Structures are given as C-alpha cells and as structure tokens.
There are 2 protein chains.
Amino acid sequence: MSRLDRTLIADLAPFEGMQAADLDTMLGQARSMRVVKDTAIFDQEAEAHAFYLLLDGHVRVVKTTPDGQQVIVRYISPGELLGIAHALGRTTYPATAVAAVDCVILSWPSRLWSEFAAAFPSFGANTYKAVGARLQDAHARVIEMSTEQVDRRVAHALLKLVQQTGKKTEDGLLIDFPLSRQDIADMTGTTLHTVSRLMTAWEERGLVKSGRQKVTVVEPHKLLLLAEGQAGK
Amino acid sequence: MSRLDRTLIADLAPFEGMQAADLDTMLGQARSMRVVKDTAIFDQEAEAHAFYLLLDGHVRVVKTTPDGQQVIVRYISPGELLGIAHALGRTTYPATAVAAVDCVILSWPSRLWSEFAAAFPSFGANTYKAVGARLQDAHARVIEMSTEQVDRRVAHALLKLVQQTGKKTEDGLLIDFPLSRQDIADMTGTTLHTVSRLMTAWEERGLVKSGRQKVTVVEPHKLLLLAEGQAGK
DNA sequence: GGCGTTGTTTGCGTTCTCGCAACGTTTATC
DNA sequence: GATAAACGTTGCGAGAACGCAAACAACGCC
C-alpha cells in the first residue's frame, strides 16, 4: 500500500477521526483486489468471511427471492464499507454484492472487525453511524413503497443515483455506470415495461435523456418536483 | 428496583451475558415509568434525550409522511430496547413511538448509552445484534413490498404479530393488543377497505376470527400457505 | 460484415387495488 | 338510555400497473 494511497484513503468516511498510524495498521492487514464487471464479491447466505471497502467502481447489492425475483437493495460508491455482517452479529451475508463495473476493493477477514473496532473507537463509531444511515434509508424505502406510486418512486431512485454518482456532461448529469430499465425496475418494485414507458414520457418532456443502459438527468429540479409531487403532471 | 425485578430482567435479550453486578449498575440509573395507552413515548424528529426498555405492554413505532399518511414501522414487545438513535450516531428519533396499550418502561439518558456499551461489551454487542436484525427486517419489508401483492403482505403481517404476541385462546392465537383494520393497512401499505375485505374473506374460510380491533388467527398453517403462496387461493 | 444476444419500445387486454359513498355496529359520553 | 364518535362492512366505478406478445435497435462475436 503506497503512501499516495493512504493519503487518499484517510479522508474516507469509515476512517474519519482515526490516527494515521492506526489506519496504517489496518491497511497493512488488508488485501487489495480487482473485481471485474458482473462478478460477485460475496453471495447471499454465504459465510461472512470478510468485509470490504470499495475503492473504485460501483457495486450493486441484490437480494433474490425464493421464486427468483431480484430486488436491488442499493448501489455502493467508492469509500463505503460492504459486507459488514459481522459487525451486526450475523454469520452470513444477507445479500449478494456484484460489481456493476470493474472495481477495486480492499478486504479484511471478518474476525479483524472486532479487533479494529475495539482498538480504534472512531472506526467502530463510523461504522455504526453508517449502519444507522442504512437503517434509516431502508425505512424510507418501506415508506416510499407504501405510500408513493411508481412514477415518483422511479424519479426518486434516479435522483438518488444522480446525487451519488452524477457526472456532469453537456446534456446534464449522467449516472456513472450501466443501468438498464430492468435494474431501475428492480430498485423500485415495478417492471421494466413501466420504467420504459416512464422514461420515454420523461424524455419527451425533456426531463431526462437515456439510451441503452444509460441515463442522464437533464432537469433534476423538475424531476424532483415530480418525485415530491407538489405539482400535478 | 426490587430484587424480583432484576431477576426477571436479567434474562432479557439486551442483557444477555452481562454480570449481575453490571446489570445492577445500569438499573440503578434507570427511571421506571408508566405510559398510558395512546400516549407518545417519543416523537419523530425530537431530540433523542433518552433510550428505553419496554418491560410490559406493546409499543407501536410510526412514521408520518409530510402529507399525513401513517406507516407503522413495527410493534415492540416486552424486553426490547427502543429509542436507541444515539447508538447509531443520530441526534433525533427517526420515528414516533406510541403505547398501543398501557405500558411500563425504563428509561436512561442517551448519554449513558456510550458509557454502558464501553463498560459492558455484551450490552453493546447485544444492541448491535438487535440493530442488525432490524436492518434485515426492514430489507425484508422492502422486498415484500416490491414483490408480493396485498393479500400475502397482510397474511404475513398477521403471522408476524401472532408469532410476537400470540396468546392462546379457545379459538386460536389472539394478537394481544388492540389492532384495527387501519393499523393493519398502515403496516402493509394498503387501505382499511382492502384489509376489511380480506378479513371477511378469510373469516368465511375459517382462517381467522376477528372483531373490533381484535384479530385471532385460527389456522396459522393455512395462513402461512397463503402468505408464502405455494398453493392457489 | 453477418448473426446471435441483449436491451428497449409499444400496443392491448386484464387484474388488482384504490377511492368514494353509504350503511351497519360497537363503544364511549353525558 | 339517548346520542355521538369510532370502527367495520360492502357495493360500485375508475385507474394504475401488470403481463403478454411482437417488433425494433444496439452491441459483441466469429
């Protein structure tokens, strides 16, 4: 792990407030690896041997129902931890993590989590803060699924992705990894057909531009209005 | 806090693996209080001054949307912690907690949480394990909302409540607190009308018996079949 | 450059679920 | 014991979203 890397890594949320030396201790025990697009980092129900830090790329967290339906729980961006089942007293991963693009990740054996958390209190606190945010996010999703209709859910999902990974282009903000209609449907609890219809309607109104596995939000503000639903259609 | 109380409390999940003396330390700083039915224990968005342990009764955790719709996040049973926002790095409560029946609770100032967690590692671990379970539960709800239709969601919600609070009666398993059609609707993301229709249909088939704010599951096994949807209707 | 694969669009019929409205029933209040 | 309030039931019409099917477009592979 080169010095340059450490400097960059030190600013990431999971390590906020940590001593540089302590961070080095952690990094010294990490294994760096490259994951190619569409490869699983870990599988639902598998033994949680390790936890990970995403350095570069984007990871899709997916749950599959017994009858084969997929639900995308969330997308992970660089600087976030994943696979921290161990920190929550679980022995298996609750979901599958798949690289949405080629990724670079660090990994540590799960067993080290407790050691790190005990030795570096900031690290433990940061992790639990992240867990709290995820719990809140999950509840927000439940509420959204309970109370909002499809178009608003889809609009909201796109806005979240743009906020997370939006890349400025001449057309607007591009979501920075391949995202199909089916993916959007799996995030919002609908079908690719409905998503497709929505996207064409929005494209006609100039809110978004989209192509094959590609979405650009042209008018985030108008899309937000639609998501929050202050105004009519 | 009498000795009898301590003996009963020592078996609760949040204190598993703790020394009796340490538990006494915690209980010594607790405030015991009675909460009457339909009174709020804490409010959404309010400063998280305290965390609580439910000793007796049942608590409904509710989130209200900006436009006034209610969603019931979960019901809490005796022996569970609530209001642990502080443990997850939050300063406000994410939801409102209301006594579904007259309740007895203990409370501690939030500030003590960190002290307890540091001094009594089992307590911290137990809490995070519970958080992990809640996170998993929330994800399961998202998935259910995304993939299952209303009847299965309602069936599943009833089964969870029965499992949590089921009280054996001559008719079957009674859910042990007042539960209206509207409450069930708020748990499952539907309307009281749809719930009412389902309940009458199920009553005719002998799966449940229900009255005003009262639900008894007569045939849990058949209801489970309906929830899991192996068989047709 | 042709060909299969994968992703997207669009039409049409169907179904689930909602929303409204009216009515019945139980419980609380004075 | 009468009256109001809260809760539950039921009928009917409407609309959102699904599911199927077919056609189209982009991309990768040999």
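Chain identifiers are assigned alphabetically (A, B, ...) following the order of the sequence lines, protein sequences preceding nucleic acid strands; residue numbering begins at 1 within each chain. On a predicted model such as this, the values are computed, not experimentally measured, just so you know.
- The residue from B:Asp183, B:Leu161, B:Val59 that alone fulfils the side-chain contact (heavy atoms from CB on, under 4.5 Å) condition with B:Phe177 is B:Leu161.
- In this structure, of D:dT10, D:dG8, D:dC18, it is D:dT10 that holds the atom nearest to the side chain of B:Thr200.
- Between the side chains of B:Asp171 and B:Thr169, not a single donor N or O lies within less than 3.5 Å of an accepting N or O.
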Test log, rule side chain to side chain contact (heavy atoms under 4.5 Å, CB included), inputs B:Leu82 and B:Leu54: CA-CA 7 Å; B:Leu82 60 153; B:Leu54 180 63; 4.1 Å; yes

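- What separates CG of A:Asp186 from P of C:dT8 is a distance of 12 Å, to the nearest Å.
- Checking B:Thr190 against A:Gly211, the closest nucleotide of DNA chain C that is more toward the 5' end is the one next to A:Gly211.
- Taking atom CG on B:Asp151 and atom C1' on C:dC16, their separation rounds to 10 Å, with Å as the unit.
- Side-chain atoms of B:Arg197 come within donor-acceptor range of the base of D:dG11, with a qualifying N/O pair under 3.5 Å.
- At the heavy-atom level, A:Arg212 lies under 4.0 Å from base atoms of the strands shown.
- Atom-to-atom, CD of A:Gln149 to P of D:dA14 comes out at 18 Å; the value is rounded to the nearest Å.
- Within the nucleic acid shown, A:Ser196 comes within 4.0 Å of at least one base atom, counting heavy atoms only.
- Proximity note for A:Gln213 (side chain, C-beta onward) versus D:dA17, C:dT17, C:dG7: the nearest is C:dG7.
- By the 4.5 Å heavy-atom criterion applied to side chains, A:Pro178 and A:Lys37 are counted as neighbours.
- With C:dT8, C:dC18, D:dC7 as the candidates, the nucleotide lying closest to the side chain of B:Ser180 is D:dC7.
- Summarising the geometry, the separation between NZ on B:Lys214 and P on C:dT27 is reported as 10 Å, rounded to the nearest angstrom.
- Note: CE (A:Met199) to C1' (C:dT8) measures 11 Å, nearest angstrom.
- The side chain of B:Thr191 contributes an N or O atom lying less than 4.0 Å from OP1 or OP2 of C:dC18.
- Between A:Trp113 and A:Tyr128, the gap from one ring centroid to the other is short of 6.0 Å.
- If you check distances only, the side chain of A:His193 never reaches the base of C:dT8 with a donor-acceptor pair under 3.5 Å.
- If you measure from atom NZ of B:Lys37 to atom P of D:dA6, you get 12 Å, rounded to the nearest angstrom.
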Polar atom pairs (N or O), protein with nucleotides 28-30 of chain D, under 3.5 Å:
none

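- Between the P atom of D:dA25 and the CG atom of A:Leu192 lies a distance of 18 Å, rounded to the nearest Å.
- Distance, B:Ile184 CD1 to D:dC7 P: 13 Å, rounded to whole Å.
- A side-chain contact (heavy atoms from CB on, under 4.5 Å) with A:Val215 holds for exactly one of A:Leu174, A:Leu173, A:Ile184; it is A:Ile184.
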A:Lys209 and A:Glu219: CA distance, side-chain angles, deciding distance, salt bridge (charged side-chain N to carboxylate O under 4.0 Å, His left out) verdict: CA-CA 10 Å; A:Lys209 279 201 178 192; A:Glu219 299 269 20; over 6 Å; no

